[in-house]
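As the structure lists them, so they are numbered: ligands from 1, and atoms in each ligand from 1. Any value given below was found using the heavy atoms of this structure, including those in side chains, with hydrogens, waters and symmetry copies removed.
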Amino acid sequence: MKKLALHWQIIIGMTAGVVFGLILSFSGNSTFSQDWIKPFGTIFINLLKMIAVPLVLVSLISGIASLKDVSKLSRIGSKTIGIYLGTTVLAVSLGLVVVNIIQPGKYFSTEQREKFKEQYANKATSAKEDAGKVKTQGPLQPIVDMFPSNVFQAATSNSDMLQVIIFAIMFGVALVLTKPESAEPVKLFFAGANDVMVGLVELIMNFAPLGVFALLSSLIVDFAGNDPAAALELFAALGLYSISVLIGLAMMVWVVYPLLLKTFANYSYKRFTKGMSPAQLLAFSTSSSAATLPVTMEQVEKELGVPHELCSFILPIGATVNMDGTSLYQAVATVFIAQAFGMDLGFQAQLGIVVTATLASIGSAAVPGAGMVMLVIVLEQAGIPLEGIALIFAVDRILDMCRTVVNVTGDACVAVIIAKTEGQLTE
Ligand code: ASP
């Protein structure tokens with residue numbers, strides 16, 4: 001019997017997970033999920049995270065080593081960063097347009113506002129503390145943080161991925177510059193190790209349908225507890241805000257990216273979606289671009305036709321710095337909170353949001369909930385009370401799942417465009 005395509009397997013796993021989660025919730029069995037279902041989701045995410053650092057390291061070094069000259073690397077590097085910035089600014093602007101048209105904060109009743117603020121005040125405080133640490137640093141601190149003082153230490157934490165990337169790029173460049181008789185065995189080692197990593201990703205992905213089943217069913221139970229009706233009520237109260245974010249995100253996926261792909265790469269969006277769907281579904285289930293990275297890399301290389309040397313460079317950087325979905329969400333959330341507090345943000349204030357949301361999304365780690373922590377910076381800059389985060393906390397996880405899909409899709413879209421402009425896209 002022919003094996004079902006991976007994305008179908010994942011979709012079935014997700015649907016079954018949602019149904020099972022609802023059954024557990026409605027029947028009041030939420031502890032069963034905690035004890036017996038959630039652990040499998042955790043194992044799956046851990047496996048994905050486990051390979052993230054070694055994969056980025058091996059793949060980047062082998063990718064750069066296969067570039068013949070360093071000038072090509074700097075050309076591709078500046079192109080990558082330039083396009084990433086461009087798409088992020090586009091996403092923030094789109095978010096601002098949507099939220100200014102829909103104005104979701106205006107329909108929020110004072111009563112609801114007070115209720116949410118009370119309910120989630122503690123959580124907002126902890127997000128504020130996290131962001132407070134970021135805020136007290138100097139303006140160049142994010143750049144200083146990119147350079148590791150100890151690469152082995154950097155490799156022990158997935159949140160220091162950017163440091164691992166910097167090391168790998170420098171190592172790869174040095175490898176290209178080294179005399180052939182010394183460089184050759186090292187290159188061979190990394191090329192071989194890269195193949196092994198790809199095999200490892202495939203091995204782990206066999207577990208994906210079960211993994212997403214466990215992730216989604218426990219997520220539903222966590223969200224709804226033993227009272228799904230209350231959860232629904234909450235979502236409805238924040239419905240217009242959520243819809244604004246979702247409309248913006250959907251426009252990125254179904255309007256902006258197809259247009260960019262068509263214009264700059266003459267690339268079929270059908271092929272793009274078909275190739276990317278396993279990574280998108282995984283991004284949705286895990287809410288983490290970093291955890292999805294191994295699969296994104298595999299799909300973009302094998303299905304979309306971007307060569308390894310480009311994928312290995314563009315995608316790890318994208319996963320950490322290019323977050324179109326997150327920046328769009330931050331723009332919508334900021335204006336929503338301002339509206340809810342009865343503040344009117346003028347043109348200049350909104351221009352400020354474009355800048356800070358772009359920077360904040362670059363600074364967000366590729367893990368669940370990171371975008372909300374960095375939102376504090378955007379609010380602060382716009383002079384909006386940080387307590388407002390309490391208003392949107394309840395629906396954040398759902399929106400996080402969706403914005404992560406956009407984050408991952410954006411990276412892949414840029415990879416295709418760069419491969420095309422470099423004349424390296426396999427049709
Ligand atoms: N979860 C997102 C990601 O990993 C980041 C965020 O917006 O919270 O891409």
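- Close approach to Ala370 involves these atoms of ligand 1, each under 4.0 Å from a residue heavy atom: 8 (O).
- Under the side-chain contact (heavy atoms from CB on, under 4.5 Å) test applied with Met251, the options Leu249, Ile247, Val253 reduce to a single match, Ile247.
- Near Gly369, with a cut-off below 4.0 Å to any heavy atom, the atoms of ligand 1 are 8 (O).
- The protein non-hydrogen atom at the shortest distance from atom 8 (O) of ligand 1 is Gly371 N, 2.7 Å.
- At the top of the distance list for atom 9 (O) of ligand 1, counting protein heavy atoms only, stands Ser289 OG, 2.4 Å.
- Closest approach of Gln381 and Thr356 over heavy atoms only: CG-CG2, 3.4 Å.
- Heavy-atom minimum distance, Gly383 versus Met343: O-CE, 3.3 Å.
- Scanning both residues, Val300 and Cys311, for their nearest heavy atoms gives CG1-SG, 3.7 Å.
- Each of the atoms 5 (C), 6 (C), 7 (O) of ligand 1 lies under 4.0 Å from some heavy atom of Thr326.
- Under the side-chain hydrogen bond (donor to acceptor under 3.5 Å, both in side chains) rule, Tyr257 has a single partner from Asp324, Thr409, Thr273, which is Asp324.
- When each of Asn322, Thr80, Thr320 is paired with Asp411, the side-chain hydrogen bond (donor to acceptor under 3.5 Å, both in side chains) condition holds for Asn322 and for no other.
- Here Lys49 contributes atom NZ and Leu293 contributes atom CG; the two are 13.5 Å apart, rounded to the nearest 0.5 Å.
- The closest approach between Ser364 and ligand 1 stays at or above 4.0 Å for every heavy atom of the residue.
- The protein atom (non-hydrogen) at minimum distance from atom 2 (C) of ligand 1 is Thr404 OG1, 3.3 Å.
- Near Ser288, meaning under 4.0 Å from one of its heavy atoms, ligand 1 places the atoms 4 (O).
- Any N or O atom pair closer than 3.5 Å counts here, and Ala290 shares no such pair with ligand 1.
- Nearest heavy atom pair, residue Leu391 against residue Ala340, reads CD1-CB, 3.8 Å.
- Taking only nitrogen or oxygen atoms, main chain and side chain alike, Val367 reaches within less than 3.5 Å of ligand 1.
- Geometrically, ligand 1 and Met323 share no nitrogen or oxygen pair separated by less than 3.5 Å.
- Listed by number with element, the atoms of ligand 1 under 4.0 Å from a non-hydrogen atom of Asp400 are 1 (N), 2 (C), 6 (C), 7 (O), 8 (O).
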